[in-house]
Amino acid sequence: MIYLVVLLTSLLVATIEAVSYPGFIQAHIHIPAYIIYIVSLMVAMLVQNSAQKKYLKPLAISSLVVYICLIILENTNYPNFIYSMLHVNLLSFRTLLFLMWTHFMISLTKKDILGFTYSFLVSSLIFFSSYEVGTTIGFIITKISFIIDNPTATYRDKVGISYKGFYPAMELVKELTPPSSLILIPPRANPWEVEGNTAMVRYFLYPRIVRNLEFPLNEPSLPTYILIAHGSWKKTGSVDYGWPKVIVNSDRIWEFDTENDKHIEYLRSYNPSEDEWDWGLIEVPND
Amino acid sequence: MISLISIVFVSCIYALVGWNFTKVFKIISSIEKLGLAILVGAAGSTYLWYLLSLLNIPMTLLSFFLSALLTYFLGKTLSLNCSSKLTTNNDSSIKLIDRVLIYLIMAGLLSAFIVGSYYVITAWDSLALYDFRAKAIVIDRGLSGINSSSYDLSYPLFTSLLHAVVYLLGGINPQGIYSILNTSFLAIIYGRLKDWTSTRFALIGVLLNLFTYETFMHSTIAYNNLPYVIFLVSGFLYAVSDSKKTNGIFLVLSGIMLGFSTWVRTTEYFWVLGLLLILWQTRKYKHLPTGFAGIASFTILKLGWSLYYLSRKPFFPDPPLEPHSLVSLSTLEIIRSNSSKLIEYINRYIIHPYTGPLFTTIGLLLISLRKSFYIVKLLTATILGVLVVTVGGILIYSTFFTTWYEIGDSVRRMLLFLYPLTVTTSLIAVYNLTSNEK
């Protein structure tokens, strides 16, 4: 009877924390919840008998199944989905799961230090693996669903998931420039986090040499081009979109239409106030 | 489609090339033998291919096949006096629950291969380094385009060469190869657990390791953290596999796998723990020749890349950052002044993401103190050693790398091997305790 009361109290505390937030119990009755859990486990070690496993077993297994399902739902929707829909706090629910399994394992083992250690280890493994299994299944479902919806997606479509506009722009640069050329790109700063990163740009343009624009140019003998880039990342600082920001003398510039993989050629210099394009290219004259 | 065919074809090559090596080692399960063959074949072929390039042999498909052939004959030579008969433990009593476990494992492995093969390489580090190097190697037919930059040589070439082979075979996406490597690793986990526990526990171990989110996710992307985990953990597991009955041959295998872990990544020093395990086992079971051979194998494999890197250092325009001095007053003073940030960093990037494995480690520690399960004790000590090395490494790193606080995700990925290590050790402990109770 004592054990039943203590068990139900600790499970009630864990459930309340699971439908509110961790620390709720301490905030309202000024006793940390984990103290109640520890007391319940100590009582279980002292007075629990193996007959109690017949109702602990279904509780433990069902809580495990429910938790894994909740984790799967959380990972196939959005962060905090479960809390917003069901008002269940997954972190506290995991604690409830651990508590339930420790009580169940104690009912199966000898009531000594080793038995408790064994129960703790199995419960820890359940605590750890249940989250991992649920998250992995959620990941698989999300990825496989996309594959089923887009079975014939091309390389361009897939790269475009992460780098919309950037990849087709790089392909157009490759089309317009010889392999042994120098490509000058924006500074590596917001909003040119990708197109200003030499390592990223060179991946698509190698063996062309890629440099952030600086003077003097160290490879003046190579055909040289300057990338025109509006800025593919959201502006978070004081620097405005659009690059280059100065007039660049040139005989030839191109505007890129990355949606249709086309470019439009203009036989004139680049003017940032007129040529406000997402992507483009400037051919730097030999002199 | 060509990428899929290339990946499957080259995996078969690796398996064929590595198969002879497995005859040298007394492996019980043929599944483990296949997994080990693929890993040793992949690492050995790419390593020899890299060595051939240092002899000015262009890195082409032909030279890759030459390196694969050399690896094959090396294995053949080593296994000349070894019996090719496999002692299998045919467990004919596969129950329904075991079948369900097998089907779940197969579904998981197939999912990883499909996801990895479908999605293209877009992860930042993959584009900036690992896959870029592969493309540069294919275009330049060698290392000339990447050997003058400390960034490009910051990690050894294993993963980049795996990609390069797929590109040379006509593929455009080598990412699926990582799920093949993970499958091979899980085969080793299965074999080791089957040796120490039972078929069912081995299947549960494979399932839990497969369905660990971080490792599963890494088996679908082109990063070198998972290959590093694979070779490092295999090295640990083979070191603790040594016993009176095995005449020390596992120590050689451990040295080889630890050596190959340095062919994947060299920035971490966890191999020190592996060498300590080999030395410990050598001393315990008096397997001096094989213990020495294991350490020698590790050293040779590690030096192959380290010496090359040292030779290229004078050509780097920006020398890589290095610690001034490991133990000095100034180092200690910097650590002391960073202490609150360090505590927050460790809490955010180690304790929080690894709460589950750390919790489990507490259980393992309690069991290790109470019971004399030798393998559990060794592996638990290894896990604790890992945590000590990690914290120590963070403390040192924070003294000279100015943006250390901003790269917490790297630390999180670095400790990926805690998952397979804790899961495997826990299952061994649970099995031993369950058997004891009976």
Side-chain angles (χ1 to χ4, degrees), chain A residues 71 75 91 94 98 108-110 112-144 146-147 150-151 153-163 167 179 193-194 197-204 206-207, chain B residues 107-108 111-112 114-115 118-129 131-132 135-136 139-140 145 151-152 172-173 204 207-217 220 354-367 369-371 419 422-423 426-427 429-430 433-434 436-437:
Chain A
I71 291 291
N75 281 280
L91 195 61
R94 202 172 167 198
F98 178 77
L108 297 178
T109 56
K110 287 184 191 160
D112 56 14
I113 303 263
L114 195 62
F116 176 75
T117 309
Y118 174 65
S119 306
F120 181 86
L121 180 63
V122 173
S123 306
S124 304
L125 203 50
I126 303 272
F127 172 81
F128 159 29
S129 298
S130 54
Y131 173 79
E132 298 296 331
V133 168
T135 308
T136 306
I137 294 174
F139 174 81
I140 293 172
I141 291 171
T142 306
K143 293 291 184 184
I144 298 285
F146 182 87
I147 294 171
N150 303 277
T154 61
Y155 179 85
R156 178 209 164 104
D157 296 331
K158 294 172 197 176
V159 173
I161 297 169
S162 305
Y163 305 110
Y167 171 69
E193 306 275 2
V194 174
N197 185 317
T198 52
M200 288 293 282
V201 174
R202 73 171 182 174
Y203 175 82
F204 294 99
Y206 191 83
Chain B
S111 304
I114 290 170
V115 170
Y118 173 88
Y119 288 89
V120 298
I121 295 175
T122 53
W124 196 277
D125 285 353
S126 308
L127 296 181
L129 185 64
D131 200 46
F132 166 72
K135 293 201 166 190
I139 290 171
D140 299 329
Y151 177 71
D152 288 337
I172 61 167
N173 179 15
I204 292 171
L207 188 76
L208 293 182
N209 274 298
L210 174 61
F211 282 87
T212 299
Y213 171 67
E214 283 289 339
T215 51
F216 187 95
M217 189 268 290
T220 64
Y354 290 98
T355 307
L358 291 174
F359 229 56
T360 314
T361 303
I362 294 171
L364 289 171
L365 189 59
L366 293 172
I367 284 173
L369 292 171
R370 296 288 305 177
K371 289 295 258 188
Y419 290 114
T422 47
V423 168
S426 304
L427 285 171
V430 169
L433 284 167
T434 314
N436 248 30
E437 295 256 303

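Letters go in sequence order (proteins before strands), and every chain restarts at 1. We use all heavy atoms of the structure for the numbers below, so side chains are in, but hydrogens, waters and symmetry mates are not.
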Within a radius of less than 6.0 Å around CD1 of A:Ile113, do more than 12 heavy atoms belonging to other residues, nucleotides or ligands occur?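 Incorrect, the count does not exceed 12.
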
side-chain contact (heavy atoms from CB on, under 4.5 Å) involving B:Thr212 - partner list, sequence neighbours excluded: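 Partners of B:Thr212 by the side-chain contact (heavy atoms from CB on, under 4.5 Å) criterion, ordered by chain and then number, come out as A:Glu132, B:Thr215, B:Tyr419.
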
Apply side-chain contact (heavy atoms from CB on, under 4.5 Å) to A:Ser129 and list each qualifying residue two or more places apart in sequence or on a separate chain.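 Once residues adjacent in sequence are excluded, the partners of A:Ser129 under the side-chain contact (heavy atoms from CB on, under 4.5 Å) criterion are A:Leu125, B:Leu208.
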
[options]: which one forms the most heavy-atom pairs within less than 4.5 Å of chain B?
options: A:Phe116, A:Tyr131, A:Phe98; result: A:Phe98
options: A:Asn150, A:Asn75, A:Val122, A:Val201; result: A:Asn150
options: A:Asn197, A:Thr198, A:Ile161; result: A:Asn197

Please state whether the side chain, the backbone, both or neither of [X] comes within less than 4.5 Å of a heavy atom of chain A.
X: B:Asp131; answer: both
X: B:Leu364; answer: both
X: B:Ile139; answer: side chain

If I measure from the heavy atoms of chain B, does A:Ile140 come under 4.5 Å with its side chain, its backbone, both, or neither?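 Only the side chain of A:Ile140 comes within 4.5 Å of chain B.
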
Here's one to test your reading of the geometry: is the NZ or CZ of A:Lys143 within 45 degrees of the ring axis of B:Tyr119 and under 6.0 Å from its centre?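 Geometry flag: set, cation within 6.0 Å and 45°.
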
Gap separating the CD1 atom of A:Ile71 from the OH atom of B:Tyr213, nearest 0.5 angstrom: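 The OH atom of B:Tyr213 is 12.5 Å from CD1 of A:Ile71, to the nearest 0.5 Å.
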
